[in-house]
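Note sheet for the following structure.
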Amino acid sequence: MIQVLDKKFRKLFSENEIRIQVERLASEIKADLGDKRPLFVAVLNGAFVFAADLMRALDFPCEISFVKQRSYQGMESSGKLTQVLGLDSDIKGRHVVIVEDIVDSGLTMYHLREQLLQQQPASLRIACCTFKPEALKCPLKLDYVGFEVSTLFLVGYGLDYDGFGRNLKDIYVLAE
Ligand code: 5GP
Ligand code: MG
């Protein structure tokens, strides 16, 4: 058990288990896009750890850029998206992979996907470290998924609880 702010969390996935999944995703991405010079679009803040590991697991030419869109306050998805930082790269004709820490309601991914599609990428895929299938509220196809999880609240490996816990090497779940 660990404590982040006022809540207790227990370990769900270890650093090693995460590394194995990241390497699996990297080889799936290589099979699809290894010769296509893909552009990764990582969603700040949460995806920074996963994106850094995923990029370093790839051994072919690729680029990364960042966007920031927030829908969470405290422990519940607000459903409202605020764009804080826009994309600075031209994605027209590029093979794009969105990199996200976790897909919960799916609203963040759904809206970001719609926005990026307007800029006519050659292809658009989604990679996420964790996915809560039972929480999904909109039609969304996820191409690369590290772990499927329950609807409980997670921290660590980039995921925060009110800003804290992102630096934890493992993924933790809220202890009831
Ligand atoms: P969605 O738009 O899919 O509801 O939410 C996506 C965003 O909500 C994620 O990028 C992440 O920042 C946040 N989020 C969703 N579930 C969790 C969770 O269990 N823990 C944390 N720390 N953030 C979450
Ligand atoms: Mg996020």
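Just the heavy atoms: all of them, side chains too, but no hydrogens, waters or symmetry mates, feed the values below. Numbers here are sequence positions counted from 1.
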Where is the tightest heavy-atom contact between [X] and [Y], given as atom of each residue plus distance?
X    : Y    : answer
A47  : V99  : CB-O, 3.4 Å
I126 : K141 : CD1-O, 3.9 Å
A127 : V97  : CB-CG1, 3.9 Å
V43  : E100 : CB-OE1, 3.5 Å
R24  : G146 : NH2-O, 3.2 Å
I171 : C129 : CD1-SG, 4.2 Å

R37, CZ: over 12 other non-hydrogen atoms inside 6.0 angstrom: no
Could you check whether atom CZ of R113 has more than 12 heavy atoms from other residues, nucleotides or ligands sitting under 6.0 Å from it? no
Could you tell me which residues satisfy side chain to side chain donor-acceptor pair (under 3.5 Å) with [X], sequence neighbours excluded, listed by chain and number?
X    : value
K36  : none
S27  : none
Q118 : none
R10  : none

[atom1] of [X] to [atom2] of [Y]: how many Å apart, nearest 0.5 Å?
X    : Y    : atom1 : atom2 : value
I98  : L112 : CD1   : CG    : 4.0 Å
E28  : R125 : CD    : CZ    : 11.5 Å
K169 : S14  : NZ    : OG    : 13.0 Å
L12  : L174 : CG    : CG    : 11.5 Å
L124 : E114 : CG    : CD    : 9.5 Å
C128 : L25  : SG    : CG    : 8.5 Å

Applying the side-chain contact (heavy atoms from CB on, under 4.5 Å) test to F153, which of V155, T151, V149 qualifies? V155
Can you tell if the side chain of L136 reaches within under 4.5 Å of the side chain of Y110, non-hydrogen atoms only? no
Is the shortest side-chain heavy-atom distance between I2 and L168 below 4.5 Å? yes
Show your working on side chain to side chain contact (heavy atoms under 4.5 Å, CB included) between L140 and F131 and close with a plain yes or no. CA-CA 11 Å; L140 197 65; F131 171 42; over 6 Å; no
For Y144, the ring pair (Phe, Tyr, Trp, His ring centres under 6.0 Å) test, sequence neighbours excluded, returns none
Set of ring pair (Phe, Tyr, Trp, His ring centres under 6.0 Å) partners for F13, sequence neighbours left out: F147
Side chain to side chain contact (heavy atoms under 4.5 Å, CB included) against [X], all qualifying residues, sequence neighbours excluded:
X    : value
E23  : R19
I91  : L39, L87, V96, L116, Q119, P121
L152 : S150, V173, E176
D90  : K92

Treat each ILVMFWY residue as a node, draw an edge where side-chain heavy atoms are under 4.5 Å apart, and state whether I20 and V49 are in one component. no
Set out, in order, the CA-CA distance, both residues' side-chain angles and the distance that settles side chain to side chain contact (heavy atoms under 4.5 Å, CB included) for K7 and V4, then state yes or no. CA-CA 6 Å; K7 300 263 188 297; V4 179; 5.8 Å; no
Show the atom names and distances, to 0.1 Å, of all donor-acceptor pairs under 3.5 Å that link a side chain in residues 55-65 to residues at least two apart or in another chain.
unit_1: R56; atom_1: NE; unit_2: A52; atom_2: O; d: 3.0
unit_1: R56; atom_1: NH2; unit_2: D53; atom_2: OD1; d: 2.8
unit_1: D59; atom_1: OD1; unit_2: K30; atom_2: NZ; d: 3.0
unit_1: D59; atom_1: OD2; unit_2: K30; atom_2: NZ; d: 3.3
unit_1: E63; atom_1: OE2; unit_2: R94; atom_2: NH1; d: 2.9
unit_1: E63; atom_1: OE2; unit_2: R94; atom_2: NH2; d: 2.8
unit_1: S65; atom_1: OG; unit_2: D88; atom_2: OD1; d: 2.8
unit_1: S65; atom_1: OG; unit_2: S89; atom_2: OG; d: 3.0

Start with the C-alpha distance between D32 and D143, add both sets of side-chain angles, then the distance that settles side chain to side chain contact (heavy atoms under 4.5 Å, CB included), and finish with yes or no. CA-CA 10 Å; D32 295 339; D143 302 276; over 6 Å; no
Keeping D170 on the side-chain end and E15 on the backbone end, is there a donor-acceptor pair under 3.5 Å? yes
Pairs satisfying ring-ring contact (aromatic ring centres under 6.0 Å, His included), at least one member in residues 18-56, at least two apart: none
